[in-house]
Amino acid sequence: MEGLRIKTLGNIQIHLNSAAIKFSRQKSLALLIYLAVTGELKSREALATMFWPENSQARAFANLRQAIWEIKSTLGENWVEVNRHSLKLTPNERIWLDISEFYNLTNLAQSHSHPHGTICDQCLNNYELAAELFDGEFLTGFSLRDSPEFDDWQYFQANEVNRKMGSVYKQLVDG
């Protein structure tokens, strides 16, 4: 698929139109991932506080502007919507995010009704596809040493994925 592909399960990989993308700053990468996973409009103030909590407000906002600039210059102008007060990743069907696909597949299978103790071929296939996406824990080996709020968010995301993956494995064994 052409577009933006973000792999967060296991080692992080970002591809734009099949070309691998690298960021020079960890926080630019973390900001992109955070915006992609949450899918929400975020205030600049909240992001500056989250990613640069020990900086003055002016320095934190300057660092945020630099991270936004790096994302936009690396990916292109159309991937991030920015205004004076907030930003978000532009909603786009050309964005593929493995964790979103993982949740979609598991939710499809879990919401499909079956007689107790049975699983259909379609649901079994969805669980198999979800298991194939799981290349390791959420953001394996990635951390921001001076952003405890981001680290907490990452920790809770990883726990939720691991909990879901346990359910996937159970369903695959039962199936």
Exercise. Flag the pair Thr74 / Leu32 as yes when at least one side-chain heavy-atom distance between them is below 4.5 Å, and no otherwise.
Key: no

Practice problem: Check whether any side-chain N or O of Lys22 sits under 3.5 Å from a backbone N or O of Ser24 as a donor-acceptor pair, and report yes or no. | Solution: no

Quiz prompt | Heavy-atom closest contact (Asp146 atom, Lys27 atom, distance) | solution = OD1-NZ, 2.8 Å

Quiz prompt | Interatomic distance, Thr49 atom OG1 to Glu149 atom CD [nearest 0.5 angstrom] | solution = 7.5 Å

Exercise. Mind checking the CZ-NE2 spacing from Arg5 to His15? Nearest 0.5 Å is all I need.
Key: 8.5 Å

Quiz item: Can you tell me how far the CG atom of Asn92 sits from the CG atom of Leu4, to the nearest 0.5 Å?
Solution: 8.5 Å

Exercise. State the CD1-CG distance between Ile99 and Asn104, to the nearest 0.5 angstrom.
Key: 11.0 Å

Quiz prompt | Test item: Thr90 side-chain N/O and Asn78 main-chain N/O as donor-acceptor pair under 3.5 Å | solution = yes

Self-check item: Minimum-distance pair of heavy atoms, taken over all atoms of Glu40 and Lys88
Solution: O-CB, 3.5 Å

Exercise. Assess whether atom CD of Glu45 is packed by more than 12 heavy atoms of other residues, nucleotides or ligands within 6.0 Å.
Key: no

Quiz item: Tell me, do Phe138 and Asp98 make a side-chain contact under 4.5 Å, heavy atoms counted?
Solution: no

Quiz item: Do Tyr169 and Phe102 belong to the same hydrophobic cluster, where Ile, Leu, Val, Met, Phe, Trp and Tyr are linked whenever their side-chain heavy atoms lie under 4.5 Å apart, directly or via other members?
Solution: yes

Exercise. Begin with the C-alpha distance, continue with both residues' side-chain angles, and end with the deciding distance and a verdict on side chain to side chain contact (heavy atoms under 4.5 Å, CB included) for Leu133 and Tyr103.
Key: CA-CA 10 Å; Leu133 288 172; Tyr103 283 131; over 6 Å; no

Quiz item: Would you call the rings of Phe150 and Phe142 parallel, tilted or perpendicular, where under 30° means parallel and over 60° means perpendicular?
Solution: perpendicular

Quiz item: Hey, does Val161 have a side-chain heavy atom less than 4.5 Å from the side chain of Glu137?
Solution: no

Practice problem: Taking the side chain as every heavy atom from C-beta outward, state whether Arg59 and Trp52 have any atom pair closer than 4.5 Å. | Solution: no

Quiz item: Between CD1 of Ile21 and CD1 of Ile14, what distance do you get to the nearest 0.5 Å?
Solution: 8.5 Å

Exercise. Go through the side-chain N and O atoms of Arg163 and Asn159 and say whether any donor and acceptor fall under 3.5 Å apart.
Key: no

Quiz item: Are side-chain heavy atoms of Thr8 and Leu97 found at a separation under 4.5 Å?
Solution: yes

Exercise. Could you check if a side-chain atom of Phe51 sits within less than 4.5 angstrom of a side-chain atom of Gln26, using non-hydrogen atoms only?
Key: no

Practice problem: Determine whether Leu172 and Met165 fall in the same hydrophobic cluster, where Ile, Leu, Val, Met, Phe, Trp and Tyr are linked whenever their side-chain heavy atoms lie under 4.5 Å apart. | Solution: yes

Exercise. Output yes when a side-chain donor or acceptor of Lys164 lies under 3.5 Å from a complementary backbone atom of Val168, and no otherwise.
Key: no

Quiz item: Are Asp151 and Tyr155 close enough that some pair of their side-chain heavy atoms sits under 4.5 Å apart?
Solution: no

Quiz item: Are Val82 and Leu47 linked, directly or through other ILVMFWY residues, by side chains that come within less than 4.5 angstrom of each other?
Solution: yes

Exercise. Report yes or no: does Arg44 contribute a side-chain atom to a donor-acceptor pair with the main-chain N or O of Asn83 at less than 3.5 Å?
Key: yes

Exercise. Take Lys42 and Met50, measure what side chain to side chain contact (heavy atoms under 4.5 Å, CB included) needs, and give me the verdict at the end.
Key: CA-CA 11 Å; Lys42 298 292 181 182; Met50 178 181 206; over 6 Å; no

Practice problem: Please check if Trp69 and Phe61 belong to a single hydrophobic cluster, counting links between Ile, Leu, Val, Met, Phe, Trp and Tyr side chain heavy atoms closer than 4.5 Å. | Solution: no

Quiz prompt | Stepwise side chain to side chain contact (heavy atoms under 4.5 Å, CB included) check, Leu31 with Ile68 | solution = CA-CA 8 Å; Leu31 177 60; Ile68 295 167; 4.2 Å; yes

Self-check item: Straight-line distance of Ile95 CD1 to Trp79 CH2, nearest 0.5 Å
Solution: 5.5 Å

Quiz item: Mind checking whether Ile33 and Trp96 sit in one hydrophobic cluster, side chains of I, L, V, M, F, W, Y counted as touching below 4.5 Å?
Solution: yes

Quiz item: Closest approach of Leu105 and Ala130, non-hydrogen atoms and distance?
Solution: CD1-N, 3.7 Å

Self-check item: side chain to side chain contact (heavy atoms under 4.5 Å, CB included) evaluation trace for Tyr127 with Gln110
Solution: CA-CA 9 Å; Tyr127 284 127; Gln110 290 171 343; 3.2 Å; yes

Practice problem: Please report the shortest heavy-atom distance between Ala67 and Ser28, naming the atom on each side. | Solution: CA-OG, 3.4 Å

Quiz item: Would you say the side-chain atoms of Gln154 and Ser143 include a donor-acceptor pair closer than 3.5 Å?
Solution: no

Self-check item: Closest heavy-atom pair and its distance - Gln171, Ile119
Solution: OE1-CD1, 3.9 Å

Quiz prompt | Side-chain touch Ile6/Val37, heavy atoms, less than 4.5 angstrom | solution = no

